[in-house]
Amino acid sequence: MTIEEIKADIVDEFSMFDNWEDRYQYMIDLGKTLPLIAPEYKTDDHIIKGCQSKVWVHADMEDDKVAFTADSDAIITKGIIAILIRVFSNQHPTDIIEADTDFIDEIGLKEHLSPTRANGLVSMIKQLKMYAIAYQTQLN
Amino acid sequence: MKTVELLDVEKIRKDFPILKREVNGRPLVYLDNAATSQTPQQVINVIVDYYSNYNANIHRGVHSLSQEATDAYELARQKIQKHFNANKSHEIIFTSGTTHGINLIANGFSNRLKAGDEVIVSALEHHSNIVPWQMLCERSGANLKVIPMTQAGELDMEAYGKLLNTNTKLVFVNHISNALGTINPVAEIINMAHEVGAAVLVDGAQSVPHMNIDVQKLDADFYVCSAHKICGPTGIGMLYAKESWLLELPPYQGGGEMISEVTFEKTTYADLPHKFEAGTPNVCGGIAFGAAIDYMNAIGLEAISSYEQELLDYATQELNSLDGVVIYGPDKNKTSVISFNVENIHPYDVGTLLDKMGIAVRTGHHCAQPIMDFYQIPGTIRASFMFYNTKDEVDTFISGLKKAILMLS
Ligand SMILES: Cc1ncc(COP(=O)(O)O)c(C=O)c1O
């Protein structure tokens with residue numbers, strides 16, 4: 001699936017919820033099912049320190065596609081990571097570099113991607129893109 | 001629980017327009033008072049009146065507005081002097097807040113300290129306030145020593161006694177810990193420091209909103225606080241310093257107001273307090289700070305603190321009845337701050353869900369990383385109460401917390 005298709009799916013899924021409780025419960029459950037980052041990558045080299053929660057990210061490339069794994073110590077942050085990874089992972093580096101995260105507004109989670117939230121997510125998105133840029137240079 | 005009416009809280013709540021607000025569709029329950037308190041209409045009116053009627057630069061003009069503004073500003077200084085029982089009004093220096101006051105003193109000691117001298121800070125400090133002392137020690141070659149804390153979240157006074165010696169020049173300690181609410185024995189700390197000839201700076205950011213402070217009785221050399229934690233505006237605070245210190249210490253910043261005569265060869269500094277108040281100050285803020293003190297005194301800090309203790313006891317008892325809740329800090333001798341965690345749940349997650357329910361608490365390390373490291377936790381959830389909070393709000397907080405725990409488990 002393309003990034004745009006995945007985003008549309010996610011927006012669709014969230015449109016089923018008509019209150020914040022269900023939206024957040026869904027996100028918390030997503031957080032619990034996030035495939036964990038391999039323990040050898042859950043190190044300080046891979047950490048993004050938010051003031052509030054920590055995030056770890058790792059990337060690999062296979063068949064010209066970048067695969068991300070990540071983790072966080074906070075479950076809500078982890079839920080959002082699960083959503084972001086679903087969008088960005090297993091895509092071509094160029095598509096990752098060009099993708100935006102506007103769909104997060106549409107599913108009512110905008111506040112979590114605010115730069116002042118200090119949960120590490122904004123830096124994480126930057127990091128995902130940095131990985132994509134690095135892998136793109138390898139492809140060229 | 002007692003039902004003695006200590007305060008007419010319903011009436012008091014009407015003074016605070018922000019308390020009528022909704023957040024995320026729910027009535028706001030504001031429990032982040034240790035970070036910033038809310039502002040009553042009486043103080044807001046003073047701010048509006050200042051800008052509507054007599055906004056002017058002070059201490060410089062012969063015209064009426066300047067005179068009125070100067071008088072109001074100096075009157076505020078006198079109110080603050082009286083409130084803290086300082087001996088002289090020029091012992092009150094307006095600052096931009098606690099942080100500014102601390103830096104002013106740390107800077108003033110730069111040339112007074114030499115290699116081998118010692119500065120003592122406590123393990124319970126706001127970590128940003130440890131930085132000015134680290135910088136001072138780097139500049140002067142003095143050594144920084146730390147009073148350790150105990151598991152109960154109190155200062156280890158025996159260890160403090162052992163740290164003090166004739167090389168000790170300055171002790172810095174907060175009156176009340178913002179992270180745990182611990183009331184530190186500052187009178188004793190000051191006494192012990194004076195015995196070895198060291199000066200003491202007390203950070204009163206968290207004590208001033210909850211108790212009467214008598215700087216002379218404490219015999220503090222320096223005492224600092226911020227107006228925004230005592231129902232005043234942000235960006236204004238005060239430094240109390242004994243006159244003898246203010247005469248001795250060099251000015252912090254150069255600029256207008258702080259000079260009496262300037263030639264290119266030499267500048268003579270102005271009299272106190274102006275020596276330490278360079279540039280156009282936060283005139284409105286100073287006046288509003290005075291109004292905030294009037295507001296608190298009209299209710300009475302003793303009634304305020306008894307009521308807050310009742311709220312604290314009630315909230316503590318309710319929290320302790322929940323499974324998996326761990327409260328950090330002392331059981332007794334603390335102000336209305338509860339720092340806690342829920343087993344296996346990250347504080348950030350709890351804070352995020354409570355916000356969805358209109359409940360404002362603080363989560364994280366509360367600028368007290370050393371305390372978090374001591375307990376080996378990433379942070380805590382902190383609920384802090386002021387006299388305008390109610391038992392009903394505690395109930396809303398507890399039921400919100402139960403809901404959050406259910407969602408997160
Ligand atoms: C104990 C303590 N000291 C200092 C400060 C800093 O105050 P301000 O930011 O107003 O300078 C605070 C406020 O968070 C505090 O709680």
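Residue numbers begin at 1 in each chain, while the letters A, B, ... track the order of the sequences.
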> Side chain, backbone, both or neither: which part of E21(A) has a heavy atom under 4.5 Å from chain B?
Replying inline: both
>> What part of L353(B) gets within 4.5 angstrom of chain A, counting heavy atoms only: side chain, backbone, both, or neither?
In response: both
>> Rounded to the nearest 0.5 Å, what separates atom CD in E318(B) from atom CD1 in I398(B)?
In response: 5.5 Å
>> Using a 4.5 angstrom heavy-atom cutoff, name the option from D29(A), T77(A), D73(A), I28(A) with the most pairs to chain B.
In response: D73(A)
> When you check the gap from the basic side-chain N to the acidic O, do R86(A) and E13(A) get nearer than 4.0 Å?
Replying inline: yes
>> Applying side-chain contact (heavy atoms from CB on, under 4.5 Å) to F172(B) and N129(B), what does each step give before you reach the verdict?
In response: CA-CA 9 Å; F172(B) 171 66; N129(B) 295 337; 3.9 Å; yes
>> Under the criterion side-chain contact (heavy atoms from CB on, under 4.5 Å), I'd like the reasoning laid out for I97(A) against Q136(A): C-alpha separation, chi angles, the key distance, then a yes or no.
In response: CA-CA 9 Å; I97(A) 295 164; Q136(A) 193 188 38; 3.3 Å; yes
